[in-house]
Amino acid sequence: MVDWGEIFTDPEMQRLKPNPELLTLLPLMKKAGCRLVLDAGCGAGRHLLPLALAGFLAWGVDREVVVLQALNARLKSEGAPAHLAHLARADLRRLPFLPASFDLAVSINAINHGDTQTFKDYCRELDRVLMPGGHLFIYTSPREAGERVRLPQTLELEPDTLVDIATPDGNLVHHFPTPEELKAQFPQYQIHRWETVLAPIPFMGDAKLPQLIFWAQKHG
Ligand SMILES: C[S@@+](CC[C@H](N)C(=O)[O-])C[C@H]1O[C@@H](n2cnc3c(N)ncnc32)[C@H](O)[C@@H]1O
């Protein structure tokens, strides 16, 4: 069974470019006074590194030990200030942080991993650790993307929750929320962007798939 520990030991996968939508947002977040940032499901650190280098105090959380070990070495070799880049091994369903710990929470291509309940748990935790007034940036594969990665052997375990799909980690269970389903997890938020775009997927050789962008601010 392939997992992200295995996928991210490939050096190619450790050199993926950061998500351009997030990079565009960072100067704005700086201006808005954000300093403490969570990268939920940080993987090989393609966002944690630029976050720390841009002066944010960033925590990367992932459950894969080997991924975090490789990222730790990368942070050192690429000069990320040690006081700004921090790692924690944890499950995104139970984040090891107090409520209202962060003023920006980012989760990119991570909250698809699991079934519908897991997706809801991830969202609940992102909300819990975000301060009132804090910003949330989620980038994920919506139902439309799920439709495009179905294979003849794909099983639909519950609505929009698929296994055995055409992605590098396709043997793992994935939930592909509708845009409305994602928005519904954050009723107390002011939405700044909620849009599906066709975008290259770095883990899939830049093949294009619909991607859902959700940028919102928790009411203060
Ligand atoms: C597709 S990768 C994305 C990594 C990174 N956000 C990026 O965009 O490059 C998904 C990451 O989420 C992590 N992950 C998946 N489910 C998780 C969970 N329940 N708790 C913590 N990490 C999880 C995986 O280990 C993997 O590193």
Side-chain angles (χ1 to χ4, degrees), residues 2-26 29 34-98 101-114 118-119 121-130 134-141 167-169 172 174 199 201-204 211-215:
V2 174
D3 60 26
W4 282 97
E6 203 173 314
I7 294 168
F8 278 137
T9 49
D10 176 351
E12 281 281 302
M13 287 286 176
Q14 293 183 20
R15 284 193 293 267
L16 300 177
K17 289 200 192 100
N19 181 290
E21 306 285 353
L22 176 67
L23 289 191
T24 308
L25 210 58
L26 291 187
M29 294 297 96
C34 293
R35 179 167 149 68
L36 302 165
V37 184
L38 169 70
D39 182 1
C42 61
R46 69 186 175 115
H47 307 112
L48 194 73
L49 190 62
L51 281 165
L53 291 174
F56 293 98
L57 195 162
W59 274 91
V61 176
D62 206 283
R63 68 177 169 197
E64 297 292 340
V65 179
V66 283
V67 171
L68 292 174
Q69 283 168 342
L71 175 52
N72 197 28
R74 184 179 178 199
L75 290 169
K76 285 185 182 137
S77 70
E78 299 204 22
H83 66 291
L84 294 181
H86 303 275
L87 300 178
R89 182 184 180 217
D91 192 312
L92 302 182
R93 288 173 292 184
R94 286 178 299 277
L95 290 170
F97 302 106
L98 292 171
S101 292
F102 296 96
D103 39 31
L104 170 61
V106 168
S107 193
I108 299 183
N109 297 124
I111 64 167
N112 286 108
H113 295 94
T118 304
F119 159 79
D121 292 343
Y122 292 158
C123 293
R124 184 205 63 234
E125 281 294 89
L126 287 169
D127 174 53
R128 183 183 66 79
V129 301
L130 195 62
H135 288 260
L136 174 64
F137 179 82
I138 292 177
Y139 190 94
T140 194
S141 292
T167 65
D169 61 346
L172 304 176
H174 286 70
I201 307 295
F203 318 104
M204 294 172 65
Q211 294 292 283
L212 175 57
I213 299 167
F214 184 78
W215 166 33

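Every value quoted in this text rests on a predicted model; they were computed, and no experiment measured them.
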- Determine the sole option in Lys76, Arg74, Gln69 for which the side chain to side chain contact (heavy atoms under 4.5 Å, CB included) test with Asn72 is passed.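 It is Lys76, the one option of Lys76, Arg74, Gln69 that forms the side chain to side chain contact (heavy atoms under 4.5 Å, CB included) with Asn72.
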Between [X] (side chain) and [Y] (backbone), is there a donor-acceptor pair under 3.5 Å?
X	Y	answer
Arg89	Leu68	no
Asp103	Arg35	yes
Arg63	Ala90	no
Asp3	Glu6	yes
Asn19	Leu22	yes

Calculate, to the nearest 0.5 Å, the distance between atoms [atom1] and [atom2] belonging to [X] and [Y] respectively.
X	Y	atom1	atom2	answer
Ser101	Leu95	OG	CG	9.5 Å
Ile7	Asp169	CD1	CG	5.0 Å
Asn109	His47	CG	NE2	7.5 Å
Cys42	Leu92	SG	CG	9.0 Å
Leu75	Leu53	CG	CG	8.5 Å
Phe214	Leu136	CZ	CG	6.0 Å

Show the nearest heavy-atom pair for residues [X] and [Y], with the distance to one decimal.
X	Y	value
Val67	Gly43	CG1-O, 3.1 Å
Ala80	Ala85	CB-CB, 4.2 Å
Val66	Gly5	CG2-CA, 3.5 Å
Ala110	Gly41	CB-CA, 4.1 Å
Pro18	Arg46	CB-O, 3.3 Å
Cys34	His135	SG-CD2, 4.0 Å

Would you call [X] and [Y] a side-chain contact if the rule is heavy atoms closer than 4.5 Å?
X	Y	answer
Leu25	Val106	no
Ile108	Phe137	yes
Trp4	His113	yes

- Query: Should the pair Asp121-Arg124 be classified as a salt bridge under the 4.0 Å nitrogen-to-oxygen rule?
  - Reply: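 Judged by the 4.0 Å cut-off on N to carboxylate O distance, Asp121 and Arg124 do form a salt bridge.
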- Mutual orientation of the aromatic rings belonging to Phe97 and Phe102 [parallel < 30°, tilted 30-60°, perpendicular > 60°]: perpendicular
- Task: Start with the C-alpha gap between Thr140 and Gln211, add the side-chain angles, then the distance that decides, and say whether side chain to side chain donor-acceptor pair (under 3.5 Å) holds.
- Result: CA-CA 6 Å; Thr140 194; Gln211 294 292 283; over 6 Å; no
- Test log, rule side-chain contact (heavy atoms from CB on, under 4.5 Å), inputs Phe203 and Leu16: CA-CA 8 Å; Phe203 318 104; Leu16 300 177; 3.5 Å; yes
- Checking side-chain contact (heavy atoms from CB on, under 4.5 Å) for the pair Leu48/Phe56: CA distance, chi angles, key distance, verdict? CA-CA 9 Å; Leu48 194 73; Phe56 293 98; over 6 Å; no
- Message: side-chain contact (heavy atoms from CB on, under 4.5 Å) for Tyr139 and Glu21? Distances and angles first, verdict last.
- Response: CA-CA 9 Å; Tyr139 190 94; Glu21 306 285 353; 3.9 Å; yes
- Message: What verdict does the side-chain contact (heavy atoms from CB on, under 4.5 Å) test give for Asp62 and Leu71, after you've listed the backbone C-alpha separation in whole Å, the side-chain angles of each residue and the deciding distance to 0.1 Å?
- Response: CA-CA 10 Å; Asp62 206 283; Leu71 175 52; over 6 Å; no
